[in-house]
Amino acid sequence: MKWFGVDYRYVIAGVGAVFILAYEFVGTQSGEIQPDKQEAQNSKALSVEALNEKLASALTANSASLEGVKASVLGQDEKSNINVRLNFAARKGPSFTDAEKKYFKTFLFGLTCVEAPSYYDHSIGNVNYEFLDGEGTRFDSAKIQTKACLNFDKNLNSTYISRDLLPAIGSILHDQPKTAQQLLKTPYAKIPEIESEDGYEVTPLGISEDGVIRYRIKHTQNLAANFSQEDKHRLVTGGFNGVCLNQQFRDRFKEGFPAYEIEHVDKNNQLIDKVFVSEDTCRSGRPDGR
C-alpha cells in the first residue's frame, strides 16, 4: 500500500512581514468637520457596524470549532481596531494547551479573512481577540492584521487549520475527552491519508472515543476465506511499516493519539483481519510488538 500523510507545507505570502499602517487626519483650520466629511464618516461607521454584525454571526455559527465559545464583538476603539471577547465558559485557563491556542489563532485568522476582509477598506488596522476562561480570566489573545487578509488563500488556510487541529485534539484527548470529540466532528479534523490503488479501497473511519485512528481497507479482488495465515501476517507487517516508517503517522503519537487500527475486509465486506499499531509497537521494532 502507498501511505500518504497530510501535506503540512503552508505558505502565505506576506505572513511574517511587518505591516506598518499610516493614518493621517486632515481637517479644517478651525477643527470643524465639514458636512461631506461628516457624511463619509457616518457611512464608514455604518459599514464597520455591518461588518461587526457579520463577524459576530460567523463566530456564533462556528462556535463548535472553537469549543463552544461565546463571542462578543465589542466594536471599534480609538486606535481603529476591532476588539472581540471570547469566553470559554466550560474551562479554566491553565487547562488550555499551547497546541489548542495555536489552533484557535489559525482558525480565527481564517474566519476573519473569509467573513470580514473589508475591514481593511475601512482603515481598520487589527481585529484583536481576547481569550477568557469560565472565571473571566484572560489566558491568551490573538491579533489579526487586516492587511494580512489581502494575501489570504482560503483553501490553503483550510489545510493549515486541519494541520493545527489534530495536535490540539490530541493534547486534550485524555483530560477533556468530550471537548476532543466535539472538535473531531468539525470538517477540519482530517486524519492522515492512505491512498487507494488498484485492488484496494481505503476508507477513513475517523477517531474512536479513546483516540484510536481508524481505517478500513477493502480488498476488492479477494475473499476472506482465501487469506492464509501468511497472508494475514503480511497485512500486519504492512500496517507496521506503513505507520512506523512514516513520520506523518508517527507524529500523531507525539500529539497524544495512542494507536492506529486498520480493518481489512474482502470484496463482500467480510472481515479478514484487524491490524493494531501503537507507539509501543513502533518502539519495539517488531510488527507483533514484542
Side-chain angles (χ1 to χ4, degrees), residues 10-63 65-67 69-88 100-133 136-161 163-164 188:
Y10 180 74
V11 179
I12 291 182
V15 171
V18 177
F19 299 116
I20 301 176
L21 307 181
Y23 302 94
E24 197 173 280
F25 175 77
V26 180
T28 62
Q29 290 183 347
S30 64
E32 296 178 356
I33 300 176
Q34 296 299 316
D36 58 336
K37 292 185 178 180
Q38 180 68 60
E39 183 177 348
Q41 287 191 2
N42 290 340
S43 176
K44 173 191 171 183
L46 288 173
S47 298
V48 171
E49 184 177 344
L51 287 171
N52 290 345
E53 292 177 359
K54 185 177 182 182
L55 181 62
S57 296
L59 287 165
T60 299
N62 290 277
S63 65
S65 295
L66 292 167
E67 301 188 10
V69 72
K70 302 296 183 183
S72 301
V73 180
L74 305 180
Q76 184 177 350
D77 63 20
E78 68 280 0
K79 296 181 180 179
S80 293
N81 296 320
I82 299 298
N83 296 303
V84 183
R85 185 170 293 157
L86 303 176
N87 185 259
F88 296 83
E100 281 186 281
K101 295 173 187 177
K102 182 180 180 183
Y103 160 68
F104 293 155
K105 294 173 184 179
T106 305
F107 187 87
L108 290 169
F109 173 68
L111 184 142
T112 303
C113 290
V114 168
E115 299 295 338
S118 298
Y119 274 134
Y120 178 74
D121 298 331
H122 299 289
S123 300
I124 299 298
N126 306 310
V127 178
N128 297 322
Y129 292 92
E130 183 179 32
F131 302 170
L132 305 176
D133 67 11
T137 302
R138 179 182 182 276
F139 66 89
D140 205 355
S141 63
K143 180 173 74 173
I144 310 300
Q145 294 180 320
T146 60
K147 190 170 183 178
C149 294
L150 299 178
N151 300 310
F152 182 76
D153 183 314
K154 184 177 180 180
N155 292 329
L156 211 54
N157 184 255
S158 177
T159 299
Y160 199 37
I161 291 172
R163 184 200 72 176
D164 288 346
Y188 299 102

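- Side-chain atoms of Leu74 and Glu130, non-hydrogen and from C-beta on, never get closer than 4.5 Å to each other.
- In this structure, CG on Asn126 lies 10.0 Å from NZ on Lys79, to the nearest 0.5 angstrom.
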Please step through side-chain contact (heavy atoms from CB on, under 4.5 Å) for the pair Asp121 and Thr146, ending with a clear verdict.
CA-CA 9 Å; Asp121 298 331; Thr146 60; over 6 Å; no
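- To the nearest 0.5 Å, the span separating CD1 on Ile82 from CG on Asp77 amounts to 7.5 Å.
- Between Tyr188 and Phe107, the ring-plane angle classifies as perpendicular under the 30° and 60° cut-offs.
- A pairwise comparison of heavy atoms in Ser80 and Ser123 identifies CB-O, 3.6 Å as the closest pair.
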Would you please test Val69 and Phe104 for side-chain contact (heavy atoms from CB on, under 4.5 Å) and show each step?
CA-CA 11 Å; Val69 72; Phe104 293 155; over 6 Å; no
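- The one candidate from Phe152, Tyr129, Tyr160, Tyr103 that meets the ring-ring contact (aromatic ring centres under 6.0 Å, His included) condition with Phe109 is Phe152.
- Within the 4.5 Å cutoff, the side chain of Arg85 has heavy atoms near those of the Leu132 side chain.
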Could you go through Asp133 and Phe88, starting from their C-alpha distance and side-chain angles, then the distance that decides it, and tell me whether this counts as side-chain contact (heavy atoms from CB on, under 4.5 Å)?
CA-CA 5 Å; Asp133 67 11; Phe88 296 83; 5.5 Å; no
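- To the nearest 0.5 Å, atom NZ of residue Lys70 and atom CG of residue Leu86 are 12.5 Å apart.
- With rounding to the nearest 0.5 angstrom, the CG atom of Asn52 is 12.5 Å from the NZ atom of Lys54.
- Taking OG of Ser141 as the reference point, atom NZ of Lys101 lies at 10.0 Å (rounded to 0.5 Å).
- Taking each heavy atom of Ser47 and His122 in turn, the nearest pair found is CB-CE1, 3.3 Å.
- Judged by distance alone, with hydrogens and angles left aside, the side-chain atoms of Asn62 form a donor-acceptor pair with the main-chain N or O of Ala58 at under 3.5 Å.
- Looking at heavy atoms from C-beta onward, Leu51 lies out of side-chain contact with Ile124 at the 4.5 angstrom threshold.
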Under the side-chain contact (heavy atoms from CB on, under 4.5 Å) criterion, do Leu55 and Val127 qualify, and how do the steps go?
CA-CA 10 Å; Leu55 181 62; Val127 178; 4.2 Å; yes
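- The distance from atom CG of Asn151 to atom SG of Cys113, rounded to the nearest 0.5 Å, is 9.5 Å.
- Side-chain atoms of Thr106 come within 3.5 Å of backbone N or O of Lys102 as a donor-acceptor pair.
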Chi angles and distances behind the side-chain hydrogen bond (donor to acceptor under 3.5 Å, both in side chains) call for Thr112, Tyr119:
CA-CA 9 Å; Thr112 303; Tyr119 274 134; over 6 Å; no
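- Counting heavy atoms from C-beta on, the side chains of Lys147 and Leu150 come closer than 4.5 Å.
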